[in-house]
Amino acid sequence: MKVFTKGVFRENPVFAIVLGLCPALAVTSMVWNAIGMGFGVIFVLVCSNLFISLLRNYIPDEVHIPAYIVVIASFVTVVELLMKAYLPSLAASLGIFIPLIVVNCVILGRAEAFASKNGPLDSVLDGLGMGLGFTLALIAISLVREVLGAGQITLFEQGETLVRIKLGALNDNPIRVFAFPAGALIVMGYFKSLFDNIMKRSK
Amino acid sequence: MGSIILGIFIAIISIGLLGAILGAVLSLASEKLKVEEDLRVKELEQILPQYNCGACGFSGCSGYANAVINEGEAINKCTPGGPELLESISKLLGVEAGNLEKMVAQVHCRGGEKSSVDQYKYSGISDCNAKYQLYSGDKLCKFGCLGDGSCIKVCPVNAISYDEENLVWVDKEKCVGCEKCVDICPTNVMKMIPYSADYIVACSSQEKGKVVKSKCSVGCIACSICVKKFPEAGFVVDKNLSSVDYTIKSDRAPVSEACPVKCIIHPYKETKDN
Amino acid sequence: MNKTINMAIKLLVICSAAAFVLGVVNSLTAPEIKKLEEEAKVKVLGELLVKGKADPAKEIFVENNEYVSSYFEIVDNGTVIGDILYLKAKGYGGMMTLMASYDSNGDLIGSVLMNNSETPGFGKKAEKPDYMNKFKGRGSDSNPLPLFKYQVEEEIDTVTGATITFMGVSSALKKGSDFVKGGLK
Amino acid sequence: MKLKSFPKGGIHPPHRKNSSYSPDDLNASLPSIATIPLSQHIGAPSKCIVKVGDTVNEEDLIGEASGFVSSNIHTSIPGEVIEIKDLFLPNGRVCPAVVIETKGEFSRIGKSLEIYPWDDIEKEKLIEIIKDSGIVGLGGATFPTHVKLTLPEGFELENLIINAAECEPYLSSDHVLMLEFSREITTGLKILKKILEPKNIYVGMEVNKKDAGDLLTKTFKEENLDASVVLLKNKYPQGAEKNLIKAIIGKEIPSGKLPLSVGVINVNVSTVYAIYEAVCLKRPLVERFVTVGGGAVKNPGVYRVRVGTSVRSLIEECGGFTEEPEKVIFGGPMMGFTVFDLDVPVTKGTSGILALTKKEVNSARTTNCLKCGRCVDGCPMGLVPSKLFKLIDHNLCDEAVENGLNDCVECGSCAYNCPAHLFLVQQFRAGKSIVRRSKGAK
Amino acid sequence: MKDKLVITSSPQFHNGDSTLTVMWSVSIALLPAVIWGVIMFGLSALWIMVVSVLSALLAEYLLNRVYNKSTLWDGSAFLTGLLIGLNMPPDMPGLAWIYVPLGASFFAILIVKGAFGGLGNNWMNPALGGRVFVFFSWTNHMTVWEKPLVDGVTGATPLGGVKSGLLGYSGSASNPLDLLNDVTNSNLTYLDLFIGKIGGSIGEISALLLILGAIFLIIKKIIRWEIYVPYLVVFILLVWCFDGNRFGTGLFTGDILFHLFTGGLILGVFFMATDMVTSPITAKGMLIYGAGCGFLTFLFRVYGANPEGVSLAIIVMNIIVPLINRYTKPQLFGHAKLEAANE
Amino acid sequence: MGVFAEIIGILVTYVLVSNVILTQFLGLCPFIGVSKNSESAIGMGFAVTFVMTLATMFTWMLYNWLLVPAGLEFLKVISFILVIASLVQFVEMFVKKNSPALYRALGIYLPLITTNCAVMGIALLVVEVEKMSLFNSVLAGFSAGIGFLVAILLMSAIREQLEIEFVPKGLKGAPIAFISAGLMAMAFMAFDKALLMNLVG
């Protein structure tokens, strides 16, 4: 259980360890994108952790990085293909950041630090926890950004189905900077500060 | 259907080949281009989390490992690793500080607004070292705590703060014994005492009792009651100042009671509320 | 040397396995993706038509044209009554893609902004239908397409991203019209 | 004529000099009780050779130099030693001081003194006399003069520079000295010339003392002394050793080196006069010229004051305060030290005593650094004071040293200019002391 | 006699300038432009400035509460609010006249300045940061310009008019002013530009009054020639060389006067680029910074998407200032020789 | 002129207009992690530039000469990352062996680059989205690396300065770096595509 929960909060990959920033900031202009990206990462993280944990005694040390990366890249491609086929608009808005999951240091980091040293069950739990922590962080950032930057909250979007809460006046004249890179970084800065302070208190 | 299988087959062949070639090249290269490395660096690198996040200020875990081994960098820079990692690093490198008792810092002065006399009206930077440049501080007593908190600023773990009497005081639970505060203190009232120390003489003045009395109401006047009345409690008076020999274990509470100026005090009771 | 071969083989195995998995997934998803793309194309083509039909499969590619990348013919009862063009345009945020349908006179029937990275709230407005309506039905020599914003609005707005988008869209549409009038050359 | 000056930095504070004086009334009245500190110089404190109850004559030795870099101390008045106590000097140091109550007769004061011929005295003997007379650099640094005058074996001195810049506002003691005693200064210079054998002698002074300069030039000619007066721009800190040398001969003293490294010896003009007195009148250094000034003093002026006279009596002599002073300063307003009581005695290094009003002090609340760059403009040493300030504040003293902390001469130009009213110089002093301490620990 | 004299470290006196005098002097220097803005654009302009100043002070007050400081009246927050107000368009629809200046002031004080620890620690000019923030957030409100002296009628700023005019221009004007008059059917002269009878931000229109304020600051030695001279020189040179190209008149025919008196250049050059906190610390650095500002202003103004480029140019240069500071340290006295001797 | 303008265009695009970090959100982890001081920032910047240039070249060749002819576009992620990872590792070993001096300057940053999404991101962008020619791709990779270098150098100078400013305690370190980066990104919005188009057509 501890293996699972530590990734959600104490070792949250985005806020605590500051890893996987690029997707965390790039795709968080909409809550739905964050959710989609989060689940993509959870899938890749769990699967790659499982397989690397299973293969850990078989892979020679000298080529362990290429080997891990191949495993990760395959699952990333699987996610990409599936998303393109069944959630095309999400795939379009996440764009290049789906293939870039492969270089998300959270995943390779977990593979190196955890899966290559632990059994399959623990590794899956660890992947799940880390992935969930990542997703929650993304959702938190995207909530702030979409509310401020677009005055709405998009929970689901696929073709004709659209779940979107519009927030009256803010929707008419949103603070658009928060939808841009600049806003993402500033929001991230305040989140990090908030998180650090909470961590300090809880210690 | 056939085309699909053919596609898959081509995929397998090409990527497999790519992998095989790269694997071969890399392993060949790793042999041909081998450079002797410090084994300990390798070992340390192994136990670092391999996030390569750069949080330690070095480029990646190997850079940090290298710095620890070859440049004597502190081992507590890896934030992602947390305390467990710190423990395993210290186990690996054997840098644990043996079985010596942990030392903590404490201010040996309780002279504040109410108790000590000022010499002049100071105007300038609120910093002990800066103030010390002008007639060794604005207190008439030149051995006391200047109270501007230079030690608070240098403390890496926020163990030093002002207590309810607005005097500088150290929280021994937080103190890690780095001695930074001892180094920065211009009047040397910050001294290291054992973690288990129960009483301290909270004064550093080496002036004669009469002089001390004219300058501060809680200064040690070297009356020697602590030595004479409680010979087994481990107090020593030297240079007009009493001090505790912590190697002697004894109940010092009655000594504290008996001190006429009440400068023998429990070093940590003020921090209870924290 | 044995070690090298050993490692190469291991990587080979892993890569092959990965490629196999991916091949299978791809074979399952590829038709789906293709279908989606076709659907999208058909949908847009349908929107751009008033009458007649355009066959999505008959895309004719154009080489060496700065603005037009490909086109479809609109066929009504066996005669060609117009064309639907894929247009490239330069916007505030880089390249944009437009699809526009013209009758044989070069009059604009309809147009849709496809891929773009325009600023939300400004250039992005061009995605809305009424933005494009300003251009509808214009294009022949007597009623040319507007090239500048003040030609369709009463007052001059200051130049922002929006104007640049407008310029990009309008000039692409005009070039498209010329392309149709010039006999698709 | 283009005036010489140092190339970068410097500020233009108001002069506020008051060089009016009456030649007849130059001597301050004698103190009834003189407090004479036993450390009036840089180096080891002198060894006290009197005890309470002893009777001393005027100009008797009471403190003996305790090493090479140390200096003799003489009593300025005859009388009885009534106390030996610890005393805070204005520069913040504590040292023992001999308190003497006037008793008995003044043997020399008021009498015309015989002028001894010095032509036959040898070089080494002259230095010996200077050493015995307890002469120290009177510009403020109080470095024992005999040490400075002892050149390394075989060293040929290029330039002797006499510092008469007196760039600090308010102060005009050197100005008065030069106007009154140009002939004596010339003789003193001749003595120095004999000791040091320099190729050139320059007297550097700010152009606001042009009358004194002209007088000196005239006197040099009359006395056949090959020395030239160099007029400099009115710019603070023109009188700082390194800047003065740069201004006059255009050479920069390398960081951490002495003027000797560029072939220069730099002596204050008051010191030259003291040398004259020591050699020609056989008189030890027991009095000096002091500017008493500042807006809070009723009758500011320049006085010849006996060492050991308290500030209180000196100010009373000037008619007391017109209003309550905000600060009482020993030295000039730029580099001087504030004192907290008026019983501090005048020492060999005291060039002025200023009582400044609140308005003159012009202090304001400090704010954050605005990065305006005025401190950089003002710094004659090419430092970035605002950065040093922050480095020290963040306890990065080593980095501050890399950025030139130890080159700071504490002239105060940066803090004078600072619109945020940061205590820059104080911070640098604190930083230097931390660096010294950590070096000592290692 | 007081019982205790004040003890401080040397130097014991001061030239008397303080943060307070600096900040309030700049505010006073801006006063003519403020009055002119209200005269030309009416009360709406006044209200916008009031909102921006009050919200800046409110933000500063909040910061003071959080960090336990007392910097409310040191003038910096007031000045930031005032500069933001002067950079706002004179009229905004609906409630925009409240939330746009408010957003700008809050962003400026709380994030651009406050997050870094308050006055002196920020590396970006707060007023410009706030302005750029609202410009990109609510571009539609920030680009509607009321015509001077007539309420409720919008028109183009000179630079905006020229820029949009150029896009579809087929007339014969060969300099920006003629083109502007041609496109907007107006009859402006250079004198109008200089005095400020034109559209634009509240405070940017009157070059004359701004220059008067600038002269006041120059006399008070608050702004440095090392910044504004290279700024103007580089900008004027580049305009003279290349701006003619846009009007088909070739090199070395750019209309300097037109560019000088429009688009907030004077306001930017003398009041915003010269901000002490966000400009380099050494004279050499200031020269580089000023020249860079001039270059970028020219670039953004003539080639960029937005008609004016002063604010963007200055905040882009703000980014580079720490780097400039790093590489333009003055030569330490006595160290040049030392190095030479060691070689 | 045409070729020249194109080269300038690509340079300006990837250095300023589409700066990898400030507008594309690529390579943020090292941008925050290694920008604490200028020396390491410069080292990292050059290492990234070097690898990025090589990586775009190899991936372009792989994609256009192998994957596209064989209809295997869907394998681009796996093959690209293999190439980049091996390339980084190979370069590291090579530099370490042959030029210890260069290794000391660059080498220590190399392991960080495998997981730098800027390298992979640019490779994917130029090959798949922009569909550039080989020369332009390599140039784009190089310019993007320079863009990274510029951004991280500016950032490190700002952070060095902030290190000695009185930043509030809660925001010190990474948070203030993010906020600074945000303000930088806001300022970089000044470099828009229109500027580029007006400049080089």
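Note on naming: letters A, B, ... go to the chains in the order of the sequence lines (proteins, then strands), and numbering restarts at 1 for each one. The basis for the numbers below is simple: all heavy atoms, side chains too, and nothing from hydrogens, waters or symmetry mates.
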Which residue out of [options] racks up the most heavy-atom pairs below 4.5 Å with chain E?
options                                : result
D/Lys390, D/Arg374, D/His12            : D/Arg374
D/Ala420, D/Cys411, D/Gly336, D/Ser363 : D/Gly336
D/Ala364, D/Gly331, D/Cys414, D/Cys369 : D/Cys369
D/Gly404, D/Pro7, D/Cys418             : D/Cys418
D/Val339, D/Leu354, D/Asp341, D/Leu424 : D/Val339

Quiz item: What distance do E/Leu5 atom CG and D/Lys327 atom NZ have between them, rounded to the nearest 0.5 Å?
Solution: 11.0 Å

Quiz prompt | Spacing of SG belonging to D/Cys375 relative to CD1 belonging to E/Ile281, to within rounding of 0.5 Å | solution = 5.0 Å

Close side-chain approach of [X] and [Y], heavy atoms under 4.5 Å:
X        : Y        : result
D/Thr338 : E/Gln12  : yes
D/His421 : E/His14  : yes
D/Ser255 : E/Leu332 : no

Under a 4.5 Å heavy-atom cut-off, does chain E meet the side chain of [X], its backbone, both or neither?
X        : result
D/Leu356 : side chain
D/Pro333 : both
D/Thr366 : neither
D/Val376 : side chain
D/Ile329 : side chain
D/Pro380 : backbone
D/Lys387 : side chain
D/Asp407 : side chain

Practice problem: Could you tell me whether a side-chain N or O of D/Lys8 sits under 3.5 Å from a main-chain N or O of E/Gln331, the two making a donor and an acceptor? | Solution: yes

Quiz item: Is a side-chain N or O of D/Lys371 found less than 3.5 angstrom from the main chain of E/Gly120, in a donor-acceptor match?
Solution: yes

Is [X] in contact with chain D via its backbone, its side chain, both, or neither, using a 4.5 Å heavy-atom distance?
X        : result
E/Thr328 : neither
E/Asn325 : neither
E/Asn15  : both

Quiz prompt | Toward chain D: residues of residues 213-229 of chain E with heavy atoms under 4.5 Å | solution = E/Lys221, E/Ile222, E/Arg224

Self-check item: Contact listing (chain D partner; residues 16-29 of chain E; heavy atom under 4.5 Å)
Solution: E/Gly16, E/Asp17, E/Ser18, E/Thr19, E/Val22, E/Met23

[X] versus [Y], closest heavy-atom pair with distance:
X        : Y        : answer
E/Phe333 : D/Asn243 : CE1-ND2, 4.3 Å
D/Asn368 : E/Lys69  : ND2-NZ, 4.3 Å
E/Phe13  : D/Tyr416 : O-CD1, 3.4 Å
E/Pro330 : D/Gly382 : CG-O, 3.4 Å

Practice problem: Quick one: which of E/Ser279, E/Ser70, E/Ser76, E/Pro280 has the most heavy-atom pairs under 4.5 Å with chain D, could you say? | Solution: E/Ser70

Practice problem: Could you list the residues that satisfy side chain to side chain contact (heavy atoms under 4.5 Å, CB included) with D/Ser351, not counting sequence neighbours? | Solution: D/Leu171, D/Arg288

Practice problem: Spell out the residues in residues 426-434 of chain D that have some non-hydrogen atom less than 4.5 Å away from a non-hydrogen atom of chain E, in order of number; otherwise answer 'none'. | Solution: D/Gln426, D/Arg429

